[in-house]
Amino acid sequence: MADQTRKQSNAPAQARRKKLDLYAVPRRVLAGLLTWAWPGTGHLLLGQRKRGTVLACGIGAIYIAGLFIGGVTVANPAFESGPNSQQFLYWFQFFMLPNSILVAWENNILNQIGGIANLLPNTDPTFTPSYGRVREIGVLYLALAGLLNLLAIVDVILSNRDTDTPHTDTPRTNAPHATNTPPA
Amino acid sequence: MPHFFDAIFTAFPTLVSLAYRPFLDPIPVDRFWMFFALPLVVVIALVYKSIRMNSLEHLTRETLKLSLQILIFMVAAAVVLWLIAALL
């Protein structure tokens with residue numbers, strides 16, 4: 001009797017969970033792509049508002065701070081020179097889509113694509129490359145932002161969470177608990 | 001109208017050319033580079049906790065706790081490595 005009561009109370013939760021599973025894979029792939037575009041947006045798509053906001057602000061702040069400290073050239077390995085260059089850190093930066101766009105803009109790649117160049121602002125600014133510790137800080141900030149975004153992408157694709165709070169099978173009610181006493 | 005801008009630029013010559021352009025020019029923080037590790041530690045702890053915790057009710061407390069643990073471990077590792085380098 002108690003099992004039947006619990007199964008009946010679980011029926012809406014099970015139906016909701018089954019409905020989500022029907023389009024879970026493309027939805028999570030889209031969430032992963034959105035997270036690659038900007039951290040936290042995939043979590044917002046999945047309904048995890050607080051988590052998405054925290055990730056967007058945290059990882060976004062580190063990314064923007066790295067660009068602000070070292071200048072935009074810290075996103076581009078073409079400006080790296082010397083025998084102690086750490087090229088591998090630049091690979092981590094590309095786990096964030098804005099980095100790819102920034103590098104393309106710096107390398108004037110977009111100017112070579114006909115038509116799009118007319119829509120963009122002047123893409124020939126005079127960048128001031130950074131060197132030494134300042135460059136190290138900027139590159140490290142961007143690389144860590146990329147790695148943390150990779151963590152967020154994996155989480156948004158593979159996690160079973162639907163909201164920020166733990167999912168409970170039994171909906172919360174103020175009614176007293178059912179007992180095994182049979183009806184009179 | 002052009003006279004108005006001439007007056008403005010005469011009064012405030014720095015408006016004509018900026019010595020610093022945000023994001024295009026780096027900022028000189030060579031002397032304080034070590035302190036820039038602190039925001040990194042906090043953000044790493046924040047992102048890790050926000051992903052690992054199912055409920056984000058105590059996120060701030062857990063983030064500060066993990067940040068402190070990371071900092072203490074980094075300082076301890078630095079001291080150990082310094083001792084090893086000094087003794088060798």
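We name chains A, B, ... by the order of the sequence lines, and we start the count at 1 in each one.
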I'd like to know if the side chain of A/Arg28 and the backbone of A/Val156 have a donor-acceptor N/O pair within less than 3.5 Å.
yes
List the steps and the verdict of side-chain contact (heavy atoms from CB on, under 4.5 Å) for A/Leu144 and A/Ile59.
CA-CA 9 Å; A/Leu144 270 172; A/Ile59 301 176; over 6 Å; no
For A/Ile137, which atoms come within 4.5 Å of any heavy atom of chain B: side chain, backbone, both, or neither?
side chain
Please check this pair: side chain of A/Thr41 against backbone of A/Leu34, looking for a donor-acceptor N/O pair closer than 3.5 Å.
yes
How long is the span from the OG1 atom in A/Thr35 to the CG atom in A/Leu45, to the nearest 0.5 Å?
8.5 Å
Within this structure, what is the OG-CZ distance for the pair A/Ser159 and B/Arg52, rounded to the nearest 0.5 Å?
11.5 Å
CA sep, side-chain torsions, deciding dist, call: A/His43, A/Asp155, side-chain contact (heavy atoms from CB on, under 4.5 Å)
CA-CA 9 Å; A/His43 289 84; A/Asp155 178 71; 2.7 Å; yes
Please determine, among B/Ile27, B/Asp30, B/Val29, the option with the most heavy-atom pairs under 4.5 Å with chain A.
B/Ile27
Proximity breakdown for A/Ile62 and chain B, heavy-atom pairs closer than 4.5 Å:
side chain
Most heavy-atom pairs under 4.5 angstrom with chain B, which of A/Leu148, A/Leu67, A/Val54, A/Ile69?
A/Ile69
Positions in residues 66-77 of chain B that reach chain A, provided some heavy atom is under 4.5 Å away:
none
With ring centroids as reference points, do A/Tyr63 and A/Tyr141 lie under 6.0 angstrom apart?
no
Walk me through it: do B/Lys49 and B/Leu56 pass the test side-chain contact (heavy atoms from CB on, under 4.5 Å)?
CA-CA 9 Å; B/Lys49 282 296 178 184; B/Leu56 301 183; over 6 Å; no
Please check this pair: side chain of A/Asn99 against backbone of A/Leu142, looking for a donor-acceptor N/O pair closer than 3.5 Å.
no
Checking an interface table here. Which of residues 37-44 of chain B come within a heavy-atom distance under 4.5 Å of chain A?
B/Pro39, B/Leu40, B/Val43, B/Ile44
Got a sec: does the OH of B/Tyr48 have more than 12 other heavy atoms crowding it under 6.0 Å?
no
Point-to-point distance, once rounded to the nearest 0.5 Å, from CD1 of A/Ile153 to CG of A/Leu33:
8.5 Å
Given that the side chain runs from C-beta out, which part of A/Leu147 has a heavy atom under 4.5 Å from chain B: side chain, backbone, both or neither?
neither
Quick one: does A/Arg51's side chain have a donor or acceptor within less than 3.5 Å of a partner on B/Met53's backbone?
yes
